[in-house]
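Comments concern the structure below.
Chain naming here is simple, since letters A, B, ... match the order of the sequence lines and numbering starts at 1 in each.
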There are 2 protein chains.
Amino acid sequence: MTGRTQSRGGRPTMKDVAAHVGTSIKSVSRVLNGEPGVSADTTERILRAMADLGFRRNDLARGLRQSDRTGTVGLVLPQAATRYHDSLVRGLEEVARRHGSLVLTASSGTAAQERETLVSLCSRRVDGLVVVPAGTDHGFLQPEQAAGVPIVFVDRPPHGIDADLVLTDDAGGARRATSHLLEQGHRSIGVIGADAGIHTVAERLRGHREGLTEAGLAQRRNLLRPGCETAAQAAAACLSLFASPDPPTALFTLNNQCTIGAVRALHTLRRARSTALVGFDDFETADLLDPPVTVVAHDVGEIGRRAAALVFGRLEGTITGRSGSHVLPTSLTERGSGGIPPQR
Amino acid sequence: MTGRTQSRGGRPTMKDVAAHVGTSIKSVSRVLNGEPGVSADTTERILRAMADLGFRRNDLARGLRQSDRTGTVGLVLPQAATRYHDSLVRGLEEVARRHGSLVLTASSGTAAQERETLVSLCSRRVDGLVVVPAGTDHGFLQPEQAAGVPIVFVDRPPHGIDADLVLTDDAGGARRATSHLLEQGHRSIGVIGADAGIHTVAERLRGHREGLTEAGLAQRRNLLRPGCETAAQAAAACLSLFASPDPPTALFTLNNQCTIGAVRALHTLRRARSTALVGFDDFETADLLDPPVTVVAHDVGEIGRRAAALVFGRLEGTITGRSGSHVLPTSLTERGSGGIPPQR
DNA sequence: ATGAAAGCGCTAACAA
DNA sequence: TTGTTAGCGCTTTCAT
């Protein structure tokens, strides 16, 4: 007689614990949830049995019964952006932890993978969802929203669903970057960025155009290099810009991968010191490059905290009513590369 | 009459779908799981009802019944290391996706948070677990392991439990880095790293000592700067090394945060071009710094794939028997900073 | 202070 | 082809 009642290979259940102690399953439940009505002696023996058996409550079953909360929030990120989202994860976790919730991060990638991931998380009954959209339609999330799962989109607006939104002032930041370059006297600014179909990219391009217009200039198509998804593609785009008969005297790169690619190309061309550069998004070694890179920075951790605040606000009823958008500001961090004057 | 049977605020269940169609819940289940034995007509109507109602199967309940698999693998990372673990996540996900599993990433931080996170994931019945340990004791995971949850530790060995392990050849890489510097004629190598209590750090220090010993040198205490957890601390440590009466002619930094901090300090001291430097861990802009930074690199994606292979191998019974360790190789990526000769 | 019974949403086993 | 019953591990009544 070992006293072990648990089934083969499986894990001990409350029933096993109860049997082990010789009490009812309800007493075990009471101890587990800190409810009153169990004698000190019984409590003690139950706790001991749980430790001996290596009991761990099955939260799936628990959640099944008290069908309100699972204590988890899902975060879905497109693979591409992972690096940049470190701080976002941290910001979100910081708030979630205070609310006793666990953040489960999963990645999307393609639109299909995103949908699969989101549905999986919903099937696992996360209490809330924070999504950096990868796909183009999110209408399939309507049932969850209707069932009371708060969904917050970050970075770009969703389609097919009306939900809370945390954005960055992409256009404003881009306008600022552009003006900065124009102030140094540049009249020919090359732009390197990802696919213009992406909301952030479109907004940054729009801001850039606004900056040009303000100075009485027009956007020139041959200075535009969209569609760069990797640093390598950005580097190639940069080389092609300078291979043209009328190369730019300055560059504006629309995310940090593009910035890094451009710097790499400029080094190859030995033009790093003579070409002005402003990049959108800060990155860790921006101050160590030669010359140090001026960037449009934004507080990604704050985005995470705001998204979390929205999720838990809705969950706890502090926030009610229609969904809204929150736009967070950017700032220009001048480090040198943006201050280089035009050279012929 | 709207035809809606679902309970207030809750989500539609299979029962609701069945009622809506006027069939039994079992037929709904059959359609959902692609089992045969449902007429085309009924199938059609059930599918329509599911779409109309926005039905989503409750995987918690499903998992409760067929208590074998939940289709999820937990990944727990210490916050500090997030950046470096991008590729790890990707490697793991790549394999998991092929096995139809979703990777849920959560972060640890302190030992207490790590335990909480791990227990939470276990309570949610993940099928397997990949852990980059933060705490010092993992004996509390024994019940899960006994219940058949494969657990793989990455980067450093666990204590209090015997589990599969995927490591990097830290000592070998460090020895190689050290030899490289010695070959340039350096006899005084400053070492900047994180807390020596961390396994990887200890191993890298050991490898460094071996390299020195091989050349007939001894480790000098005053050249050692452990305990640097951030780039800023590493920078300060670097400054202190060069403020000593007998400064080193070369540096060996034990992770990329330390490398970045050291480069920053060397720039401040205008010593970047005259001090040899080899860093452990590669990082994105290493080739863009001045001079380009020589590093000990390793394939982090491969670590993720190996860990995943172990988890699914155990899960599917392809791998059986006692747990084992896997040590992955490193390589020296020479970019310039390591080739600088000693200067007086 | 303690327990028995019902039920959460689903699937497995067995009818019909 | 379809439905009925039982039960996964837990919590929630409601007794005792």
Side-chain angles (χ1 to χ4, degrees), chain A residues 5-46 49-50 53-71 122-125 143-144 147, chain B residues 5-46 49-50 53-71 122-125 143-144 147:
Chain A
T5 324
Q6 71 186 87
S7 47
R8 316 210 101 283
R11 4 201 358 155
T13 70
M14 283 174 48
K15 203 168 131 190
D16 296 321
V17 174
H20 196 255
V21 175
T23 175
S24 92
I25 182 178
K26 177 66 218 193
S27 293
V28 178
S29 171
R30 276 196 257 260
V31 169
L32 206 55
N33 299 314
E35 288 168 28
V38 185
S39 74
D41 174 59
T42 313
T43 303
E44 153 87 10
R45 281 161 54 226
I46 289 177
M50 295 204 295
L53 261 42
F55 169 81
R56 203 131 299 166
R57 171 170 59 196
N58 186 334
D59 276 352
L60 274 55
R62 175 188 167 87
L64 188 55
R65 187 62 239 245
Q66 40 167 66
S67 58
D68 47 345
R69 298 287 158 80
T70 57
C122 291
S123 292
R124 256 144 222 143
R125 296 298 188 259
E144 332 300 329
Chain B
T5 323
Q6 69 185 89
S7 45
R8 317 209 100 287
R11 359 188 19 144
T13 69
M14 284 175 44
K15 203 166 130 191
D16 297 321
V17 175
H20 195 255
V21 176
T23 177
S24 93
I25 182 178
K26 178 66 215 191
S27 294
V28 178
S29 171
R30 276 195 257 260
V31 169
L32 206 55
N33 298 316
E35 288 170 29
V38 185
S39 72
D41 174 59
T42 314
T43 303
E44 154 86 11
R45 281 162 52 224
I46 288 177
M50 296 203 294
L53 262 43
F55 169 81
R56 203 130 300 166
R57 170 170 60 197
N58 186 334
D59 276 352
L60 275 56
R62 174 188 167 87
L64 188 57
R65 184 63 241 242
Q66 40 167 68
S67 59
D68 46 346
R69 297 286 159 80
T70 57
C122 291
S123 292
R124 253 140 226 148
R125 297 297 188 256
E144 332 300 330

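- At the phosphate of D:dT2, neither OP1 nor OP2 sits under 4.0 Å from any side-chain N or O atom of B:Ser27.
- When the nearest nucleotides of DNA chain D are assigned to B:Ala61 and B:Ser24 by heavy-atom distance, the more 5′-ward of the two goes with B:Ser24.
- At least one side-chain nitrogen or oxygen of B:Thr23 sits closer than 4.0 Å to the OP1 or OP2 atom of D:dG3.
- For the pair B:Arg11 and B:Asp16, the tightest heavy-atom approach, listed with the atom from each and the gap, is O-OD2, 4.0 Å.
- Spacing between atom CG of A:Asn58 and atom P of D:dC8 amounts to 12 Å, rounded to whole angstrom units.
- A donor-acceptor pair is defined here as one N or O able to donate and one able to accept, closer than 3.5 Å; such a pair exists between the side chain of B:Arg124 and the backbone of A:Thr70.
- Side-chain atoms of B:Lys15 and B:His20, non-hydrogen and from C-beta on, never get closer than 4.5 Å to each other.
- Considering only side-chain atoms of B:Leu64, the nucleotide from C:dC10, D:dG3, D:dG9 that sits closest is D:dG9.
- Going from atom CZ of B:Phe55 over to atom C1' of C:dG9 covers 8 Å, rounded to whole Å.
- Rounded to whole Å, the distance from CE on A:Met50 to P on D:dG9 is 17 Å.
- Residue side chain B:Lys26 reaches the base of C:dA12 through a donor-acceptor N/O pair under 3.5 Å, judged by distance alone.
- Between the P atom of D:dG9 and the CZ atom of B:Arg124 lies a distance of 18 Å, rounded to the nearest Å.
- The side chain of B:Thr13 lies closest to C:dG9, out of D:dC10, C:dG3, C:dG9.
- Between B:Arg65 and D:dA6, a side-chain N or O to OP1/OP2 separation shorter than 4.0 Å is absent.
- Closest to the side chain of B:Arg62, out of C:dC10, D:dG9, D:dG3, is C:dC10.
- Within residues 30-46 of chain B, the residues approaching DNA chain D are B:Arg30, B:Gly37, B:Val38, B:Ser39, B:Thr42, by heavy-atom distance under 4.0 Å.
- Rounded to whole angstrom, the span from the NZ atom of A:Lys15 across to the C1' atom of D:dT11 amounts to 16 Å.
- Side-chain contact between A:Met50 and A:Leu32 is present, with heavy atoms from C-beta onward closer than 4.5 Å.
- Atom-to-atom, CZ of B:Arg11 to P of C:dC10 comes out at 10 Å; the value is rounded to the nearest Å.
- Taking atom CG on B:Leu60 and atom P on D:dT11, their separation rounds to 13 Å, with Å as the unit.
- For the pair B:Asp59 CG and C:dT11 C1', the computed distance is 12 Å after rounding to whole Å.
- Taking both residues in full, the closest heavy atoms of B:Val31 and B:Thr43 are given as CG2-CA, 4.0 Å, listed atom of the first, atom of the second, then distance.
- Once rounded to the nearest 0.5 Å, the distance linking OG of A:Ser29 with CZ of A:Arg65 reads 11.0 Å.
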Can you list, pair by pair, the side-chain donor-acceptor contacts under 3.5 Å of residues 53-61 of chain B, counting residues two or more places apart and other chains?
{"from": "B:Arg56", "atom 1": "NE", "to": "A:Glu144", "atom 2": "OE2", "distance (Å)": "3.3"}
{"from": "B:Arg56", "atom 1": "NH1", "to": "A:Phe140", "atom 2": "O", "distance (Å)": "3.2"}
{"from": "B:Arg56", "atom 1": "NH1", "to": "A:Glu144", "atom 2": "OE2", "distance (Å)": "2.2"}
{"from": "B:Arg56", "atom 1": "NH2", "to": "A:Phe140", "atom 2": "O", "distance (Å)": "3.4"}
{"from": "B:Arg57", "atom 1": "NE", "to": "B:Asp59", "atom 2": "OD1", "distance (Å)": "3.4"}
{"from": "B:Arg57", "atom 1": "NH1", "to": "B:Asn33", "atom 2": "OD1", "distance (Å)": "2.6"}
{"from": "B:Asn58", "atom 1": "OD1", "to": "B:Leu60", "atom 2": "N", "distance (Å)": "2.8"}
{"from": "B:Asn58", "atom 1": "OD1", "to": "B:Ala61", "atom 2": "N", "distance (Å)": "3.3"}

